[in-house]
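This report concerns only the one structure given below.
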2 protein chains.
Amino acid sequence: MRAPRRVGTGTNQEAVRRHNLGTVLRHVHRSGQLSRAELTRRMGLNRSTIAALTGELETLGITERTGPAQEPGERQGAGRPSTGVRLAETGPYVIAVDLTVDHATVARVGLGGRIQQRAHATTAGLAEAWQVGAAVATLIRQVVADAAPAAPLVGIGIAVPGLVRRSDGLIRLAPNLEWHDVSFSSVVLAALGVDIPIVVANDADLGALAEHERGAGVGIDDLVYISGQVGVGAGIIAGGHPLEGVGGYAGEIGHLRFDPSGRPCHCGSVGCWETAVGGHAIAEAIGCSAEKVAQLPEHLMALTSAPPELRLIGSDIGRGLASIVNAFNPQLVVLGGYFSSLFPLVRDDIMSGLSGAAMTATVESVTVSLPCLGDDSVLLGAAEAALEPLLVDPVGSVGAALLDVPARLAG
Amino acid sequence: MRAPRRVGTGTNQEAVRRHNLGTVLRHVHRSGQLSRAELTRRMGLNRSTIAALTGELETLGITERTGPAQEPGERQGAGRPSTGVRLAETGPYVIAVDLTVDHATVARVGLGGRIQQRAHATTAGLAEAWQVGAAVATLIRQVVADAAPAAPLVGIGIAVPGLVRRSDGLIRLAPNLEWHDVSFSSVVLAALGVDIPIVVANDADLGALAEHERGAGVGIDDLVYISGQVGVGAGIIAGGHPLEGVGGYAGEIGHLRFDPSGRPCHCGSVGCWETAVGGHAIAEAIGCSAEKVAQLPEHLMALTSAPPELRLIGSDIGRGLASIVNAFNPQLVVLGGYFSSLFPLVRDDIMSGLSGAAMTATVESVTVSLPCLGDDSVLLGAAEAALEPLLVDPVGSVGAALLDVPARLAG
DNA sequence: ACGTTTTAGTTGTTCGGGACAACGAATCAG
DNA sequence: CTGATTCGTTGTCCCGAACAACTAAAACGT
């Protein structure tokens, strides 16, 4: 469950209205379709209040009402059936971008997490950030071309494998892209020639967000999403909220100390967990060449059983997870990136490494699972992040949104 | 800054009033004394609204108004001076209990974190929880004897060095007390013969809370409080809120993997950080006998310079902190417990261990400091935890509080 | 010393928005 | 077909925050 993190300031009545309107929309966003009666139950507000709120969302063009005729035969209980609320077809949407080491995925995503259109391109040859920015802008134009002109574009969300400063979205360091201090949001906006809200964040953090909102972690307020791209990172949801840290760099669990007698790490330290279970270590274990680390999942999929070297790495994954579980006490650990492909192969090794090294109290409340959103966790997380302002202030967000998008971005 | 973590439910207008009233009280609680003008500035509400809210707190007997005559000579700026709001002398209070390995400290603490009376006793000979509970009850009676009968007792907060289950306050495991699955809250309430709100929590978590509210971490929303009693634990404030984890066990950083070739740990794993920097390791390094581990701070204070063995441990502390800083990206690390005594001796070793092993981005935004509340961090944290309901719903909390306490607990 | 300016407390009024009650509508159970 | 149940709609009420007007208390300027 999401909740506002309002600070020590007071609440006036317009804030109440905004909050209630946003909460209604958040419920619809999460459930896709639900009845007004269900909304009154969940929000604890009066029927008439819910009616007013849903009415306002309708006039904003965000939702529409469905006739009380739901699936026939589904009727349970007596009484007049409740009017349904669902997301409007031409409602607000966002652009989500998932940037990885060697390719970019861009999608137009509506409320409810519905991917309306997607595009994909390699970025293998592009070293400079402006080149990647231009490629992303092209993909965005493709994806937006068929959008309804009346539908408002609320913002852009971009997932990046690296350390992103929370205050301004600056990419401080993306080791596997070899970027330092890149303001990628400015690059993309300049390439598009518009100025709209844009949020850049770490891929693991966004993966965690998506799995929490509409994946394996729905209803779970404490979870860790482990991202394996080439480096290893984690996104953490604690108490239903993303754990960010002052700068936004929290969750860099690839650089937890794992074995001081291990290998030196690119971060300057020695024996980080990433040196034991990172992409390069795994590529080495399965005899995959260093240039193909980005295609690790495919190589892992091709295996039917795990070679001994890989099983050792599985144990090390488990032992590292033990530290994470002791530190964060999550209810769920989601293994994303190449760990998804690895998990079926070395599940037993991971689990025994975990339960052998973690404390009883923390390990007994945790489940390890695969992502429910497949490879789209991070992409959908970027969409969620971009949609967030809409769920906080629907009126303001729609008012500030960009209209007539296909035409405006055509140039 | 504290903020409500309201869930997906709607906000009705009584909730607004409750929230605003609680927020006013929270500000007074934090600042001790402040003007109504300051409140209007901080809360963004209208003058007249603040007047109504402070008026309600006065009629509840929680606060009182001070004449506009503040310290003479302190007058700055033109205009009519604002009426002050301060905590009432006989306002609500709580009982705070700090339980350590060999002694118990109990205090009567008023709003604003003012310790009104305290008592102290050794628990060295007491093995069973009910014995400790009886000792604590006796201390509570002492501390409460002189309280004003009109002052309401809101609740009890107890800090325990161990794993405490969040849902019900059960002590799952307190290794250095040798307790397993003890419902200490029931024990204390039974010994007192009353039934009032009582909260049990981990000592490090409460230390973090206190340092965040009124110690070294005021205004800092991301901090880690490291507790060194005999074991090593951490309390984490993330985004202004305590990081709890599903069960409430988050922050068990004593059992992060530190050196797989290290010693076996009582938790069942090998080479946990605690085996390198825990009380026993340090006692050994300074040639202090194992039975006197609980008096480690005194022994450390006696040292004027650090022996080489201790400096090595200092480096290990720094390297462990590096993992913590990478995982949580705090703005501040507060070294509590025996680490307070240790820090002046091996500061350079800790800091170089930290900056050598942590990532640039995370280490450059962190400060390492001593607690501002001395040995009372944990005790005041217990008080804060017990006061929390009062700051969420002043009316309800005062209504449910116990009156005429000295007489009622006399038996 | 006196008026001006600035800021705050107080009071009465306005207004927004959620609660509530009354009524009609839609469905199910018998 | 009737009663029960549940829900949408509408009008009213009421709480509480905002606002405006006035008064009070201080500093500042001449």
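- Residue Thr40(A) is the one, among Thr40(A) and Leu45(B), whose nearest nucleotide of DNA chain D lies closer to the 5' end (criterion: closest heavy atom).
- Residues of residues 47-58 of chain B that place a heavy atom closer than 4.0 Å to DNA chain C, in numerical order, are Arg47(B), Ser48(B).
- The list of salt bridge (charged side-chain N to carboxylate O under 4.0 Å, His left out) pairs with a residue in residues 48-65 of chain B, not counting sequence neighbours, reads Arg17(B)-Glu56(B), Glu64(B)-Arg86(B).
- Side-chain contact check for Asn12(A) versus Asn46(B): every heavy-atom pair is 4.5 Å or farther apart.
- The residue Arg65(A) sits close only to the backbone: its heavy atoms come under 4.0 Å of sugar-phosphate atoms, none of a base.
- Arg41(B) has a side-chain polar atom (N or O) that falls below the 4.0 Å cut-off from OP1 or OP2 of dA8(C).
- Separating the CD atom of Glu14(B) from the P atom of dG18(C) is a distance of 13 Å, rounded to the nearest angstrom.
- Using a 4.0 Å heavy-atom cutoff across all strands shown, Asn46(A) reaches at least one base atom of the nucleic acid.
- Distance CZ (Arg80(A)) to C1' (dA26(C)): 6 Å, rounded to an integer number of Å.
- Rounded to a whole Å, the CZ atom of Arg18(A) is 14 Å from the C1' atom of dG17(C).
- With Thr11(A) as reference, His19(B) is the one residue of Arg18(B), Gln13(B), His19(B) to meet the side-chain hydrogen bond (donor to acceptor under 3.5 Å, both in side chains) rule.
- Residues Arg41(A) and Ser35(A) bring no donor and acceptor atom of their side chains to less than 3.5 Å of each other.
- In this structure, Arg17(A) does not reach the dG16(C) phosphate: none of its side-chain N or O atoms is under 4.0 Å from OP1 or OP2.
- For Asn20(B), a side-chain nitrogen or oxygen approaches OP1 or OP2 of dA17(D) to under 4.0 Å.
- With hydrogens and angles disregarded, a donor-acceptor distance shorter than 3.5 Å links the side chain of His212(B) to the backbone of Ile220(B).
- For the side chain to side chain contact (heavy atoms under 4.5 Å, CB included) test, residues two or more places apart in sequence or in another chain that qualify with Ala96(B) are Val109(B), Leu379(B), Ala382(B), Ala383(B).
- Ion pairing between a basic and an acidic side chain is recognised when a charged N comes within 4.0 Å of a carboxylate O; Arg26(A) and Glu388(A) show such pairing.
- The side chain of Gln13(B) approaches dC14(D) more closely than any other nucleotide in the set dT7(C), dG8(D), dC14(D).
- When the side-chain nitrogen and oxygen atoms of Ser82(B) are compared with OP1 and OP2 of dG9(C), one or more of them lie within a distance under 4.0 Å.
- Nucleotide dT6(D) holds its P atom 14 Å from the CD atom of Glu38(A), rounded to whole Å.
- Between the CG atom of Leu39(A) and the P atom of dG18(C) there is a distance of 14 Å, given to the nearest Å.
- Put simply, Arg36(B) has a side-chain N or O that comes within less than 4.0 Å of OP1 or OP2 on dT10(C).
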